[in-house]
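For reference, the structure discussed in these notes is given below.
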Amino acid sequence: MPVNHSINYVELPGKDLDALEAFYSAAFGWTFTDYGPEYRAFSDGSFDGGFRRSGRKSRAEGGATLVVLYASDLEGSRDQVVAAGGSIFKEIFSFPGGRRFHFLDPHGNELAVWSDR
């Protein structure tokens with residue numbers, strides 16, 4: 001059961017839902033449920049979300065919320081993102097409490113991956 005007032009779901013835009021599913025499945029092992037040509041839901045095993053058909057892109061510099069994933073192996077995750085077809089938007093950098101990088105998925109959405117290691 002969801003916790004009251006906790007973040008429960010996130011939606012991102014995407015034009016080619018098949019390409020997004022292929023990327024996130026390969027890069028992070030997410031699973032997907034197809035709800036027709038306009039929507040594709042995903043699960044990372046502990047959190048759910050979806051991609052809605054749209055030509056817009058989610059970028060922090062444009063005011064969008066930045067979705068940040070956690071990784072125990074930051075360099076390994078970066079390599080998986082690139083191997084799956086993503087591009088590195090900001091190389092690994094340090095910040096108080098850890099390190100992270102930002103990437104663009106095949107649609108051009110910006111997400112980040114951080115680690116405390």
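Atom set for the values below is all heavy atoms of this structure, side chains included, hydrogens, waters and symmetry mates excluded.
Phe42 and Ile7 fall within the same hydrophobic cluster, where Ile, Leu, Val, Met, Phe, Trp and Tyr residues are linked whenever their side-chain heavy atoms come under 4.5 Å apart, directly or through other members. Cluster annotation: Leu20 and Phe32 are assigned to the same hydrophobic cluster (Ile/Leu/Val/Met/Phe/Trp/Tyr, side-chain heavy-atom contacts under 4.5 Å, transitive). Under the 4.5 Å side-chain contact rule for hydrophobic residues, Leu66 and Phe101 do not share a cluster.
Here the closest heavy-atom approach between residue Ala26 and residue Ala84 is recorded as CB-CB, 3.8 Å. Gly108 and Leu104 get closest at one heavy-atom pair: O-CD2, 3.7 Å. Ser77 approaches Ala71 most closely through the heavy-atom pair OG-CB, 3.2 Å. Between Ala112 and His102, the closest heavy-atom pair is CB-CD2, 3.7 Å.
Contact of the Leu12 side chain with the His107 side chain is not registered, since no non-hydrogen atoms from C-beta on lie closer than 4.5 Å. Side-chain contact check for Leu111 versus Phe28: every heavy-atom pair is 4.5 Å or farther apart. Inter-residue side-chain proximity for Trp114 and Tyr70 is flagged as met; some heavy-atom pair is nearer than 4.5 Å. Contact of the Glu91 side chain with the Arg78 side chain is registered, since non-hydrogen atoms from C-beta on lie closer than 4.5 Å.
Looking at Ser46 and Asp44, their side chains do bring a donor and an acceptor atom within 3.5 Å of each other.
Interatomic distance, CZ of Phe89 versus CG of Asp105, reported as 12.0 Å (0.5 Å rounding). One finds the NZ atom of Lys57 at 13.0 Å from the CD atom of Glu110 (value rounded to the nearest 0.5 Å). Atom OH of residue Tyr39 and atom CG of residue Asp34 lie 12.0 Å apart, to the nearest 0.5 angstrom. A distance of 11.0 Å separates CG of Leu17 from CZ of Arg52, quoted to the nearest 0.5 Å. Rounding to the nearest 0.5 angstrom, the gap separating the CG atom in Asp73 from the CG atom in Asp79 is 8.0 Å. To the nearest 0.5 Å, atom OG1 of residue Thr31 and atom CD of residue Glu21 are 9.0 Å apart.
Contact check on Asp18 versus Arg40 returns a salt bridge, with a Lys/Arg side-chain nitrogen under 4.0 Å from an Asp/Glu carboxylate oxygen.
Of the possible donor and acceptor atoms, none in the side chain of Ser58 sits under 3.5 Å from a partner among the backbone N and O of Asn109. Not one N or O on the side chain of Ser94 forms a donor-acceptor pair closer than 3.5 Å with the backbone of Arg99. A distance-only check finds a donor-acceptor pair linking the side chain of Arg53 to the backbone of Lys15 [under 3.5 Å]. Arg59 contributes no side-chain N or O that, together with a main-chain N or O of Ala64, makes up a donor-acceptor pair within less than 3.5 Å.
Among Leu69, Val67, Val68, Ile92, the single residue meeting the side chain to side chain contact (heavy atoms under 4.5 Å, CB included) criterion with Val113 is Leu69.
The aromatic rings of Phe23 and Phe103 sit tilted, their planes meeting at an angle between 30° and 60°.
Heavy-atom contacts from other residues, nucleotides or ligands closer than 6.0 Å to OH of Tyr35 number 12 or fewer.
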